[in-house]
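In what follows, every heavy atom counts, from backbone to side chain, and hydrogens, waters and symmetry copies are set aside.
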Amino acid sequence: MHAADGTGSPGDGHGGGLLDVAHLSVPAAGAYLVVLRTATASLATRADLTLDDIEDLRIAVDEAAALLLVSAVPGSALECVFTLSPGFLRVTVSVDSLGGEPLSRDTFAWTVLNALAGEVGSSTGPGQRVAIELTKRRGDRGE
């Protein structure tokens, strides 16, 4: 995992404040989800989220990664980008997918993600890449 400092853009909701960005890449296998959960909790602490926020986000990231692993290309990597500033953490989890299809938002798993994270989104591309983005703000109890 490596981190780089940057400044927020005017449209990112942070008023141009300092953002830290950390990248984590692990094999796309369930055995490595513990690494992702640990990194999420550690970085959420650094972002000064509450204990409840940290636990919610840790579970949400685990669930998002599990959703992506179902269709991951064997031998590929699960990529995570953490963008954080005080009171804010965005986690983007992505993987090369066998089908490259967008994730269904009409599932129980998606409902769980929305309940745990303040904002949830998904995207596809480039190529067969599928991503889930979770954004948590301090004190945000999800939808």
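- Put simply, the side chain of R129 gets close to the backbone of S94: a donor and an acceptor are under 3.5 Å apart.
- In this structure, V70 is not a member of the same hydrophobic cluster as L36, with clusters built from ILVMFWY side-chain heavy atoms closer than 4.5 Å.
- Closest approach of A28 to V95, counting heavy atoms only: CB-CG2, 4.0 Å.
- Side-chain atoms of S42 never come within 3.5 Å of backbone atoms of A39 as a donor-acceptor pair (strictly under, hydrogens ignored).
- A donor-acceptor contact shorter than 3.5 Å is absent between the side chain of S76 and the backbone of A72.
- We find that E119 and R137 are joined by a salt bridge, their nearest charged nitrogen and carboxylate oxygen being less than 4.0 Å apart.
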Candidate pair L24 and V26, rule side chain to side chain contact (heavy atoms under 4.5 Å, CB included), full reasoning: CA-CA 7 Å; L24 174 65; V26 297; 4.1 Å; yes
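- Within the 4.5 Å cutoff, the side chain of P74 has heavy atoms near those of the L98 side chain.
- Two residues are said to be in side-chain contact when any heavy atoms from C-beta on lie closer than 4.5 Å; L89 and F82 meet this criterion.
- Atoms OG1 and CZ, from T111 and R105 in turn, are 12.0 Å apart once rounded to the nearest 0.5 Å.
- Under a hydrophobic-cluster definition in which Ile, Leu, Val, Met, Phe, Trp and Tyr are linked whenever side-chain heavy atoms come within less than 4.5 Å, directly or via other members, L33 and L103 are assigned to the same cluster.
- Nearest heavy-atom pair across I54 and A44 is CG1-CB, 3.6 Å.
- Distance check, rounded to the nearest 0.5 Å: OG of S71 to CD of Q128 gives 9.5 Å.
- Rounded to the nearest 0.5 angstrom, Y32 OH and L78 CG are separated by 12.0 Å.
- Partners of T107 under the side-chain contact (heavy atoms from CB on, under 4.5 Å) rule, at least two apart in sequence or in another chain, are S104, A109, W110.
- Annotation: side chain of R90 is not in contact with side chain of L84 (no heavy-atom distance under 4.5 Å).
- V93 and V73 are assigned to two separate hydrophobic clusters, defined by single-linkage of ILVMFWY side chains at heavy-atom distances under 4.5 Å.
- Distance check, rounded to the nearest 0.5 Å: CZ of F88 to OG1 of T83 gives 6.5 Å.
- Separating the OG1 atom in T92 from the CG atom in L134 is a distance of 8.0 Å, to the nearest 0.5 Å.
- Residues V35 and I132 share a single hydrophobic cluster, defined by chaining ILVMFWY side chains whose heavy atoms lie under 4.5 Å apart.
- Distance CG/L113 to CD/E63: 6.0 Å, rounded to 0.5 Å.
- Proximity of T135 to E133: side-chain heavy atoms (C-beta onward) are separated by under 4.5 Å at one or more points.
- Salt-bridge check for D53 with R138: failed, with every basic side-chain N at 4.0 Å or more from each acidic carboxylate O.
- Under a 3.5 Å cut-off, the side chain of K136 and the backbone N or O of L116 do form a donor-acceptor pair.
- Put simply, the side chain of I59 does not reach to within 4.5 Å of the side chain of L57, judged on heavy atoms.
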